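What follows is one structure encoded as structure tokens, with my remarks underneath.
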Protein chains: 2
Amino acid sequence: MLKSVVGSLSTRRRGVRGGRDTSEEILNAAEELLQRRGYNAFSYHHIAVQLGVRNAAIHYHFPAKEDLGVALVKRYQQRFQQWIRTTDLVEDAWERLQAYFKTYIDFLQADCKCCPGGVLGTEFHALPEAMREEARGLMRENYEWMIRTLELGRAQGSMKFSGKSDDKAVEIGAALQGGLQIARLAGPERFHQVLAQLSLELTGQSSYGAA
Amino acid sequence: MLKSVVGSLSTRRRGVRGGRDTSEEILNAAEELLQRRGYNAFSYHHIAVQLGVRNAAIHYHFPAKEDLGVALVKRYQQRFQQWIRTTDLVEDAWERLQAYFKTYIDFLQADCKCCPGGVLGTEFHALPEAMREEARGLMRENYEWMIRTLELGRAQGSMKFSGKSDDKAVEIGAALQGGLQIARLAGPERFHQVLAQLSLELTGQSSYGAA
DNA sequence: GTCTATATCCGGATAGAC
DNA sequence: GTCTATCCGGATATAGAC
């Protein structure tokens, strides 16, 4: 009673658990697990324990694990699109790219998480087809954003690089993705080295060269 | 009977399966599965089917899955050390690096396999500790080789890059690793773009720029 | 070294009460 | 919307025959 005042017009109705949105909490926990352990190494039980609910409660919100997986990737994509809208307000392309780097640093510092693309790429052949399709879309959007940003930066003069912008785009994306994984095996400073080198090569000076 | 003539002095004795070395065949199948699906997404059953033996036969050679995993990573490392010895005969560091690239192209063409480091990094937190330790060693050796090679190339004049050789080393390693994963989601040509860009930046001209 | 058979456990999933 | 209870299949692992 009365918790309806909080979000009565919300599309998703709230449950009995103190007005919290269980679906979203499930997604949050699952996202953490996905980036830490991978899709095939987390279970509904992991999430259930973390949320203090039972296994079946999660099945109510996401009948099959595949549904949860697809929802996760869709949410990544929506969040990315929202992120683009925000950072598009920034004029300078190099600053935009640094904001992109920042999201990876956040992953690194959040207990050395991998980026979604890295997890989905690595587990690709052990993923349900519906997830693969979503993953392709997510990767494509990242790629296209990166190309646009590089071309803008080159035009603005804030970035320099030789070769084609789409080649450079994949190189940067791959380095960031691989860098997070290497950091797990060889320490977080490895990722900062990647950032330092990418920055140095793009601008002629390292913004991360304090080490 | 009589199959003992084939490898009677071998440390590992042959089984009854036509003189073939089952342990090695298990490792081969497991390696394929590891790079395709990841450690947590393959089972003894996968291997058993592929080899035409029963589940229990594999447990005879590798009592626990962890034993198999550790053996796999150890073999990667031994193979890498052997590979180094061979390619060290090549004088030119840039040629050595191209040989290194070639091993990744082989992964890509072998049904879009990931590199071991990518798999082990992504699944790191869902791996037995013994495997993690081996994985760290494997990564370290790759890293150190890359640094040596870059420094040699720079001294020889066959490679150019700005910044520190150890930063550049991680950047290259990360880009290769991430590139293979991206290729799964966005097509093999993405990996070739990474190679093209890396080559262009190291030598001033792309050896892979035919596209 | 490999087999059959089996034990055990875990993860995904459903039914029906509350 | 969450619970208890249960089912099912798959995966790791072991025992003992051949």
Side-chain angles (χ1 to χ4, degrees), chain A residues 1 3-4 6-7 10-27 29-30 33-34 37-72 123 126-128 130-131, chain B residues 1-4 6-8 10-27 29-30 33-34 37-72 123 126-128 130-131:
Chain A
M1 28 39 177
K3 62 184 72 71
S4 53
V6 183
S10 169
T11 315
R12 307 219 173 271
R13 41 259 160 284
R14 303 295 163 85
V16 286
R17 301 178 48 249
R20 298 184 299 165
D21 186 329
T22 306
S23 280
E24 201 170 316
E25 287 186 15
I26 292 171
L27 286 169
L33 285 161
L34 179 74
R37 304 177 50 92
Y39 180 76
N40 291 291
F42 83 80
S43 70
Y44 275 33
H45 185 65
H46 284 114
I47 304 172
V49 168
Q50 193 169 325
L51 265 61
V53 297
R54 293 308 194 154
N55 212 309
I58 305 176
H59 278 284
Y60 170 81
H61 296 276
F62 302 94
K65 193 181 177 186
E66 175 176 345
D67 301 321
L68 175 55
V70 169
L72 272 180
E123 294 195 287
L127 250 33
M131 279 187 74
Chain B
M1 24 51 173
L2 285 280
K3 63 185 71 72
S4 53
V6 183
S8 54
S10 168
T11 315
R12 306 217 173 272
R13 40 260 158 284
R14 301 295 162 86
V16 285
R17 301 177 50 248
R20 299 184 298 167
D21 187 330
T22 306
S23 280
E24 199 170 319
E25 287 186 16
I26 292 170
L27 286 170
L33 285 161
L34 178 74
R37 304 177 50 92
Y39 180 76
N40 290 291
F42 82 81
S43 70
Y44 275 31
H45 185 65
H46 284 113
I47 304 172
V49 169
Q50 193 169 325
L51 264 61
V53 297
R54 292 308 195 153
N55 213 309
I58 306 177
H59 277 285
Y60 170 80
H61 295 275
F62 302 94
K65 193 181 177 185
E66 175 176 347
D67 301 321
L68 175 55
V70 169
L72 272 180
E123 294 195 287
L127 250 34
M131 279 188 73

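Note that this is a predicted model, so its numbers are computed, not measured. Naming convention: chains lettered A, B, ... in sequence-line order (proteins, then strands); numbering from 1 in each chain.
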Using a 4.0 Å heavy-atom cut-off, write out nucleotides 4-18 of chain D from 5' to 3' as B (base contacted by protein), S (sugar-phosphate only) or - (no contact). B------SBBBB---
Interatomic spacing from CD in A:E123 to CD in B:E123 - rounded to 0.5 Å: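 Rounded to the nearest 0.5 Å, the CD-CD separation comes to 6.0 Å.
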Do A:Y60 and A:T22 have side-chain heavy atoms sitting under 4.5 Å apart?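 The answer is no, as the side chains (C-beta and beyond) never meet within the 4.5 Å cut-off.
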Would a 4.5 Å heavy-atom cut-off, applied to side chains only, mark A:Y44 and A:L68 as touching?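 A:Y44 vs A:L68: side chains touch.
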Which heavy-atom pair separates B:E66 from B:A130 by the least distance, and what is that distance?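 It is OE2-CB, 3.3 Å.
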Search all heavy atoms of A:I26 against all heavy atoms of A:F62 and return the closest pair with its distance.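 Closest pair (atom of A:I26, atom of A:F62, distance): CG2-CE1, 3.7 Å.
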Spacing of A:I58 atom CD1 relative to D:dG1 atom C1', expressed in whole Å: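 Going from A:I58 (CD1) to D:dG1 (C1'), I get 13 Å.
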